[in-house]
Trainee: 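Supplied in structure tokens, the structure appears directly below.
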Amino acid sequence: REGGGGPGRAGTARFLAQHNTWGFLATRAARGKIQGMPYGNCLLLSDGPVNNSTGIPFFYVTPKDNTVTDLLKNPMASLTLPEADGNFCRKNLIDPEDPRCARLTLMGQMVTVPPEEIEFAKQAMFSRHPVVRKWPRSYEWFFMKMNIEHIWLQSW
């Protein structure tokens with residue numbers, strides 16, 4: 001991949017984790033008639049400031065979001081990062097859903113960022129998404145991150 005994180009599958013996975021600014025987070029619904037069913041949402045993310053990529057996805061979330069409500073009851077989730085943000089598929093006129101466009105899925109537990117990591121989480125999110133600083137404070141925003149337990153890469 002262009003500007004990839006190194007050769008091979010690991011490099012492709014690192015590239016997708018570093019360069020995606022959003023992903024699709026899937027949870028298990030914890031409310032009402034859809035309790036227990038799969039539920040998902042697109043969320044902004046960052047794996048660190050541009051010059052300090054960690055591979056760990058950080059999120060700026062609100063408890064008003066149904067996805068976050070689900071995570072507070074059951075922290076297990078999967079995060080899919082498509083190559084849609086990259087140039088490989090675009091330059092080669094390949095639809096992002098084409099199997100030749102890589103997709104990374106990270107699975108694990110979503111946790112609240114501990115106090116000692118809050119400053120890093122702020123730098124990570126605000127450097128890549130400056131507009132989130134202006135989001136309404138009344139939404140009670142806080143930081144979460146994924147403790148990755150499993151990785152699946154589709155890279156054909």
Side-chain angles (χ1 to χ4, degrees), residues 1-30 34 36-62 65-72 74-114 117-118 120-133 135 141-156:
R1 302 290 183 230
E2 266 181 47
R9 294 176 60 78
T12 299
R14 281 191 286 279
F15 176 81
L16 291 171
Q18 181 179 8
H19 292 283
N20 267 285
T21 57
W22 62 275
F24 184 80
L25 190 74
T27 63
R28 184 173 295 193
I34 63 168
M37 297 186 76
Y39 185 83
N41 198 358
C42 291
L43 297 177
L44 295 179
L45 64 95
S46 174
D47 81 330
V50 175
N51 61 350
N52 190 9
S53 174
T54 64
I56 299 168
F58 288 88
F59 305 84
Y60 194 47
V61 297
T62 173
D65 183 328
N66 289 337
T67 306
V68 177
T69 302
D70 296 342
L71 292 171
L72 295 174
N74 178 357
M76 298 307 294
S78 67
L79 172 67
T80 300
L81 305 174
E83 195 171 17
D85 273 356
N87 287 327
F88 174 79
C89 297
R90 198 173 300 129
K91 276 187 175 178
N92 291 292
L93 301 175
I94 301 171
D95 188 284
E97 286 299 312
D98 186 303
R100 293 172 288 177
C101 290
R103 240 174 261 126
L104 176 66
T105 300
L106 305 172
M107 294 155 274
Q109 289 194 38
M110 293 287 291
V111 298
T112 301
V113 172
E117 290 182 46
I118 292 289
F120 183 82
K122 283 181 184 178
Q123 290 175 13
M125 285 302 295
F126 299 162
S127 67
R128 294 191 190 218
H129 305 285
V131 71
V132 302
R133 288 179 190 256
W135 287 356
W141 301 98
F142 67 100
F143 293 96
M144 292 188 89
K145 69 177 184 175
M146 178 178 272
N147 289 333
I148 301 167
E149 297 177 20
H150 301 282
I151 299 170
W152 179 79
L153 175 69
Q154 175 184 301
S155 179
W156 297 342

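Along the sequence shown, residues are numbered consecutively beginning with 1. It should be emphasised that the depicted structure is a prediction, and the values quoted were computed from it without experimental measurement.
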Trainee: Where is the tightest heavy-atom contact between Pro49 and Ser127, given as atom of each residue plus distance?
Mentor: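 The answer is CA-OG, 3.5 Å.
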
Trainee: Looking at every heavy atom in both Leu25 and Ala77, which two are closest together, and how far apart are they?
Mentor: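 Smallest interatomic distance, heavy atoms only, reads CD1-CB, 4.0 Å.
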
Trainee: With a 4.5 Å limit on heavy-atom distance, are the side chains of Phe143 and Ile118 in contact?
Mentor: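 Yes, at least one pair of side-chain atoms sits under 4.5 Å.
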
Trainee: Could you walk me through whether Thr62 and Val68 pass the side-chain contact (heavy atoms from CB on, under 4.5 Å) test, one step at a time?
Mentor: CA-CA 7 Å; Thr62 173; Val68 177; 5.7 Å; no

Trainee: For Met125 and Phe59, which heavy atoms make the closest approach, and how far apart are they?
Mentor: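 The pair with the smallest heavy-atom distance is SD-CA, 4.2 Å.
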
Trainee: Can a donor-acceptor pair be found between the side chains of Asn41 and Asp65 at a distance below 3.5 Å?
Mentor: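 Yes, a side-chain donor-acceptor pair sits under 3.5 Å.
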
Trainee: With side-chain contact (heavy atoms from CB on, under 4.5 Å) as the criterion, how do Asn74 and Thr27 come out once you've worked through the C-alpha distance, each side chain's angles and the decisive distance to 0.1 Å?
Mentor: CA-CA 8 Å; Asn74 178 357; Thr27 63; over 6 Å; no

Trainee: Ignoring hydrogens, what is the shortest heavy-atom contact between Phe24 and Gly40? Give both atom names and the distance.
Mentor: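 For Phe24 and Gly40, the tightest heavy-atom pair comes out as CZ-CA, 3.4 Å.
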
Trainee: Answer with yes or no after comparing the ring centroid distance for Phe142 and Tyr60 against a 6.0 Å cut-off, counting only values under it.
Mentor: no

Trainee: What distance separates Arg14 CZ from Leu104 CG, expressed to the nearest 0.5 Å?
Mentor: 11.0 Å

Trainee: Within this structure, what is the CG-CE distance for the pair Leu79 and Met146, rounded to the nearest 0.5 Å?
Mentor: 5.0 Å

Trainee: Using side-chain contact (heavy atoms from CB on, under 4.5 Å), reason through Tyr39 and Ile34 one step at a time and then give a plain yes or no.
Mentor: CA-CA 9 Å; Tyr39 185 83; Ile34 63 168; 4.1 Å; yes

Trainee: Judged by atom type as modelled, is there a donor-acceptor pair below 3.5 Å linking the side chain of Asn147 to the main-chain atoms of Gln109?
Mentor: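 Side chain of Asn147 to backbone of Gln109, a donor-acceptor pair under 3.5 Å: no, none is there.
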
Trainee: Would you say that Pro57 contacts Leu81 through its side chain, given a criterion of any heavy-atom pair below 4.5 Å between the two side chains?
Mentor: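 Result no, sub-4.5 Å side-chain heavy-atom pair not found.
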
Trainee: First locate atom CG of Asp70, then atom CE of Met110, and finally report the distance between them rounded to the nearest 0.5 Å.
Mentor: 11.5 Å

Trainee: State, yes or no, whether a side-chain contact exists between Thr80 and Arg103 at a heavy-atom distance under 4.5 Å.
Mentor: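 A side-chain contact exists here, since the closest heavy-atom pair is under 4.5 Å.
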
Trainee: Please name the pair of heavy atoms, one in Ala124 and one in Ser46, separated by the smallest distance, quoted to 0.1 Å.
Mentor: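 In this case the closest contact between Ala124 and Ser46 is O-OG, 2.8 Å.
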
Trainee: Do His129 side-chain atoms and Leu45 backbone N/O form a donor-acceptor pair below 3.5 Å?
Mentor: yes

Trainee: Main chain of Leu16, side chain of Asn20: is a donor-acceptor contact present, judged purely on distance under 3.5 Å?
Mentor: yes

Trainee: State, to 0.1 Å, how close Gly55 and Ala17 come at their nearest heavy-atom pair, and which atoms those are.
Mentor: CA-CB, 4.3 Å

Trainee: Consider only side-chain N and O atoms of Thr105 and Ser78, and report whether a donor and an acceptor are under 3.5 Å apart.
Mentor: no

Trainee: Within the 4.5 Å heavy-atom criterion, are Trp22 and Leu43 side-chain neighbours or not?
Mentor: no

Trainee: Going by the rule side-chain hydrogen bond (donor to acceptor under 3.5 Å, both in side chains), which residues pair with Asp47 if we only count those two or more places apart in sequence or in a different chain?
Mentor: Ser53, Arg128

Trainee: Could you tell me whether the side chain of Glu149 and the main chain of Gly108 form a donor-acceptor pair under 3.5 Å?
Mentor: no

Trainee: Applying the side-chain contact (heavy atoms from CB on, under 4.5 Å) criterion to Phe58, which one of Gln123, Met144, Glu117 satisfies it?
Mentor: Glu117

Trainee: Are the side chains of Thr54 and Phe120 in contact, using a 4.5 Å heavy-atom criterion?
Mentor: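 Counting from C-beta outward, Phe120 and Thr54 do come under 4.5 Å.
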
